[in-house]
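In what follows, chains carry the letters A, B, and so on, assigned in the order in which the sequence lines appear, proteins first and then strands, with residues in each chain numbered from 1. Remember, it's a predicted structure, so these values are computed and weren't measured experimentally.
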Amino acid sequence: MKPSIPKGTRDFGPREVNRRNYLFDTIRKVFVKYGFQPIETPSMEDLSTLTGKYGDEGDQLLFKVLNNGDFLRKADQEALEAKDSAALVSSISKRGMRYDLTVPFARFVVMHQNDIPFPFKRYQMQPVWRADRPQKGRYQEFVQCDVDVVGSDSLMNEAELVQIYDEVFRDLNLPVTIKVNNRKVLAGIADAAGIADQFMDMTIAIDKLDKIGMEGVKDELRKRNISESAIDTIEQILQVTTLDELKPFFSDSEIGKKGINELETFHHYFDTYEATNTVSFDVTLARGLNYYTGCIFEVQAEGVKMGSIGGGGRYDDLTGVFGMQGTSGVGVSFGFDRIYDCLEELQLWPADSAERLKLLFLAFDPASHTYAFRCLNQVRAAGINAELYPDPVKMKKQMKYANNRNAEYVVIIGSNEMASGQLALKHMATGEQTEYTLDQIINKLIDNS
RNA sequence: GUGGUUGUAGCUCAGUUGGUUAGAGCGCUGGAUUGUGGUUCCAGAGGUCGCCGGUUCAAAUCCGGUCUUCCACCCCA
């Protein structure tokens, strides 16, 4: 048979994995510096944990795991008869692949509430799965790196999370824009326009401003049955670029005022930090997931055509659905694979991101091959990563392997070297070759590593 | 989920209105060079033309289906 892998999934070779590890390490280092602790959760969750958390579209994108055994016999026979897939699902699938890391985290917090300290600061870097139609930067299996704080209402957390964004992308040399808004400000806009009941329709429309422009947004609002007078108000508000300009619109909206107040408090903390990247208030930022209730964030890479590479915000009561009321959380997510794609496109990989082979031994004949093997063990005992070409074949072939492995040094051993104990150490990049004893070689490689 | 797009050697791609044995560059293997890689020269291997079916004397080429890729929606990381 011809081998293949499912759509939207990828294999990663040594080159990719080395680079992915560099990216993991860079992100993790910042998470740890800010005091976050790692957790991991299973790839599968009970389907009941996942369904209904991401809206109707999200539910459709959930990968469901078929029950084992004779699942059709136990299936809902009515639904089966009627070919009603939606109704059938719950009787033939009790598990699903996780869709993000936030909902499993909420489940984790509730299940382990007696074992974890609050506020609980956790990070998590694991794959998630979505049955989306793949495109560039859009996969069915991809990794998210999440940091969340649960059990603290302080806006200091928001400030720290944006700092984490800034530091990670600074360390990666990837210039980004971090957009900040607040869900309560959006509610205030709906208030000001007198359409509080059409809040969702309004946010969906204005979220598209970047893409379809002001006229497009107005059309979209009309399509969603929003009145002309409300559209006028919304249009005026969308021109706003600072919090102060926004205030007059919210004179009668308590929630709007609260939103502005939260953003001001956020800045009170955040402005003490010197950011490398652009951090800007953006009234049009809405973000889809409906569980956000406070500040919201989104990260856009500069100079790459790519969807958002990160997003997050505050949710006042995410653990509520699992029976733990009144616990607030705030968190942000890094779109690992999209960031990888950006770094790839902009060629931002550090030169040493690949774990290169330090030293490769090459031998001319069987006798020197065994001799080289003894040398190899001494070198490894000193902690230097090294290999011996497994057979004393033609030197050209062995040298070629050294090139392919990107070996930094080779040591060539034949009868002469065995007799004198002086080994030829060759630096592959320069071609320079000098004779040393094995001890000298070990010292030299330890020094410059 | 809707509409479109793509698929030919390991990789990047040619391939005429349907017409002999499907090509190139790079890579790979061997040799020039019996103790030294990246350059050069020579030779060689490697393809069920994504898959299944149809039309035809004849299909990489036309038609249908399917899978995959990418794009626009939708949504999002």
Side-chain angles (χ1 to χ4, degrees), chain A residues 1-10 13 27 54-62 85-86 98-102 125-146 165 176 203-204 207-208 211-212 216 220 285-290 292 297-301 304-312 331-342 360-365 368 389 392-419 423-433:
Chain A
M1 67 172 282
K2 210 164 203 173
S4 66
I5 56 174
K7 72 173 163 202
T9 66
R10 295 145 300 152
I27 295 172
Y54 310 106
D56 291 341
E57 275 110 2
D59 284 355
Q60 291 191 333
L61 297 181
L62 283 173
S85 307
R98 67 167 166 254
Y99 176 91
D100 70 1
L101 300 178
T102 306
M125 309 198 292
Q126 291 190 277
V128 303
W129 292 268
R130 296 184 188 178
D132 217 346
R133 189 171 286 201
Q135 281 182 31
K136 185 177 157 199
R138 169 179 284 200
Y139 306 101
Q140 293 206 341
E141 178 183 62
F142 60 98
V143 169
Q144 290 192 328
C145 304
D146 276 30
Y165 266 148
V176 297
T203 52
I204 290 168
D207 192 34
K208 297 180 184 171
K211 194 174 267 181
I212 60 179
E220 182 85 24
L285 175 63
R287 295 202 50 77
L289 292 177
N290 34 29
Y292 292 123
F297 314 106
E298 192 162 291
V299 185
Q300 197 77 44
V304 189
K305 197 167 168 261
M306 178 72 70
S308 67
I309 56 175
V332 296
S333 180
F334 288 77
F336 183 88
D337 297 86
R338 285 187 179 177
I339 295 168
Y340 181 98
D341 290 344
C342 289
L360 176 68
F361 285 92
L362 312 179
F364 278 111
D365 52 71
S368 43
Y389 194 87
V393 296
K394 272 206 193 91
M395 200 39 62
K396 176 166 176 156
K397 193 179 168 98
Q398 299 193 54
M399 289 298 284
K400 207 161 203 170
Y401 178 76
N403 281 332
N404 289 339
R405 286 299 309 276
N406 192 23
E408 193 172 346
Y409 291 96
V410 296
V411 164
I412 299 162
I413 298 178
S415 49
N416 299 345
E417 286 78 5
M418 270 169 68
L423 310 181
L425 177 71
K426 185 181 177 98
H427 187 247
M428 288 301 283
T430 60
E432 200 177 306
Q433 188 166 325

inquiry  = To the nearest 0.5 Å, what is the distance between SG on A/Cys342 and CG on A/Asp337?
reply    =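 The CG atom of A/Asp337 is 11.0 Å from SG of A/Cys342, to the nearest 0.5 Å.
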- Strictly under 6.0 Å, is that where the ring centroids of A/Tyr389 and A/Tyr401 end up?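 Here the rings of A/Tyr401 and A/Tyr389 have centres that are less than 6.0 Å from each other.
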What is the distance from [atom1] of [X] to [atom2] of [N], rounded to the nearest Å?
X	N	atom1	atom2	value
A/Tyr99	B/C75	OH	P	11 Å
A/Gln398	B/U36	CD	P	12 Å
A/Leu62	B/C75	CG	P	17 Å
A/Leu101	B/C76	CG	C1'	14 Å
A/Tyr401	B/U29	OH	P	13 Å
A/Trp129	B/A77	CH2	P	16 Å
A/Phe364	B/U36	CZ	P	6 Å
A/Tyr54	B/C74	OH	C1'	19 Å

Considering every strand and a 4.0 Å limit on heavy-atom distances, what is the contact class for [X]: base, sugar-phosphate, or nothing?
X	value
A/Gly310	sugar-phosphate
A/Ile309	sugar-phosphate
A/Gly431	base
A/Gln144	sugar-phosphate
A/Met428	base
A/Ala429	base
A/Gly8	sugar-phosphate

Under 3.5 Å, is there an N or O donor on one side and an acceptor on the other linking the side chain of [X] and the base of [N]?
X	N	answer
A/Arg287	B/C76	no
A/Asn416	B/G35	yes
A/Glu417	B/G35	yes
A/Arg133	B/G3	yes

Check: When you measure from the centre of the six-membered ring of A/Tyr139, is the NZ or CZ of A/Arg10 under 6.0 Å away and within 45° of the axis?
Finding: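 Yes, a cation-pi geometry.
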Notebook entry, point to check: Can a cation-pi geometry be assigned to A/Arg287 and A/Tyr292, taking NZ or CZ under 6.0 Å from the six-membered ring centre and within 45° of the ring axis?
Noted result: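 Judged by the rule (NZ or CZ under 6.0 Å from the ring centre, within 45° of its axis), A/Arg287 is not positioned above A/Tyr292.
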Can you identify which nucleotide, out of [options], has its nearest atom closest to the [X] side chain?
X	options	value
A/Ser308	B/A77, B/A72, B/U36	B/A77
A/Arg138	B/G37, B/G30, B/C76	B/C76
A/Arg130	B/A77, B/U68, B/A72	B/A77
A/Arg338	B/C71, B/A77, B/C75	B/A77
A/Asn403	B/U68, B/G37, B/C70	B/G37
A/Lys394	B/G31, B/A72, B/C75	B/G31
A/Lys208	B/G35, B/A72, B/C75	B/C75
A/Lys211	B/U36, B/C28, B/C73	B/C73
A/Ser415	B/G35, B/G37, B/G3	B/G35
A/Gln433	B/G1, B/A77, B/U36	B/U36

Exercise for review: Could you say whether A/Leu61 or A/Met395 is positioned toward the 5' end of RNA chain B, judged by the nucleotide with the nearest heavy atom to each?
Suggested key: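 Between the two, 5'-proximity favours A/Met395.
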Checklist entry - 5'-most contact on RNA chain B: A/Ala424 or A/Tyr139, nearest heavy atom basis? => result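 Final value for this comparison: A/Ala424.
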[N] to [M] separation - [atom1] atoms, rounded to the nearest Å:
N	M	atom1	value
B/G50	B/C11	P	13 Å
B/G27	B/A45	C1'	13 Å
B/U12	B/U16	C1'	22 Å
B/G25	B/C41	P	11 Å
B/C26	B/G19	C1'	31 Å
B/C49	B/G18	C1'	15 Å
B/G54	B/C70	C1'	28 Å
B/C62	B/G10	C1'	31 Å

- Query: Is the aromatic ring centre of A/Phe142 closer than 5.5 Å to the centre of the six-membered base ring of B/A77, with the two planes inclined by less than 30°?
  - Reply: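 Yes; centroid distance and tilt both under limits.
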Taking a pair as Watson-Crick or G-U wobble with both distances under 3.5 Å, which nucleotide is matched to [N]?
N	answer
B/C70	B/G4
B/G38	none
B/A24	B/U12

> Any sub-3.5 Å donor-acceptor pair from A/Arg130's side-chain atoms to A/Tyr99's backbone N or O?
Replying inline: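 Between the backbone of A/Tyr99 and the side chain of A/Arg130 there is a qualifying donor-acceptor contact (under 3.5 Å).
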Query raised in the report: Does the A/Tyr165 side chain pair with the main chain of A/Gly311, one donor and one acceptor, at a distance under 3.5 Å?
Result: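 Yes, because the side chain of A/Tyr165 sits within donor-acceptor range (under 3.5 Å) of the backbone of A/Gly311.
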N or O in side chain of A/Lys396 less than 4.0 angstrom from B/U34 OP1/OP2:
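False: A/Lys396 side-chain N/O out of range (4.0 Å or more) of B/U34 OP1/OP2.
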- Under 4.0 Å: is that the gap between some side-chain N or O of A/Lys397 and OP1 or OP2 of B/U34?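 False: A/Lys397 side-chain N/O out of range (4.0 Å or more) of B/U34 OP1/OP2.
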Show, in sequence, the C-alpha distance, side-chain angles and deciding distance for A/Lys136 and A/Asp341, and conclude whether the salt bridge (charged side-chain N to carboxylate O under 4.0 Å, His left out) test is met. CA-CA 9 Å; A/Lys136 185 177 157 199; A/Asp341 290 344; over 6 Å; no
Check: Salt bridge check: are A/Glu432 and A/Lys426 linked by an N-O gap of less than 4.0 Å?
Finding: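 No salt bridge links A/Glu432 with A/Lys426.
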| said: Is it the case that over 12 heavy atoms from other parts of the model lie below 6.0 angstrom from the CG atom of A/Asn404? | reply: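 Enclosed.
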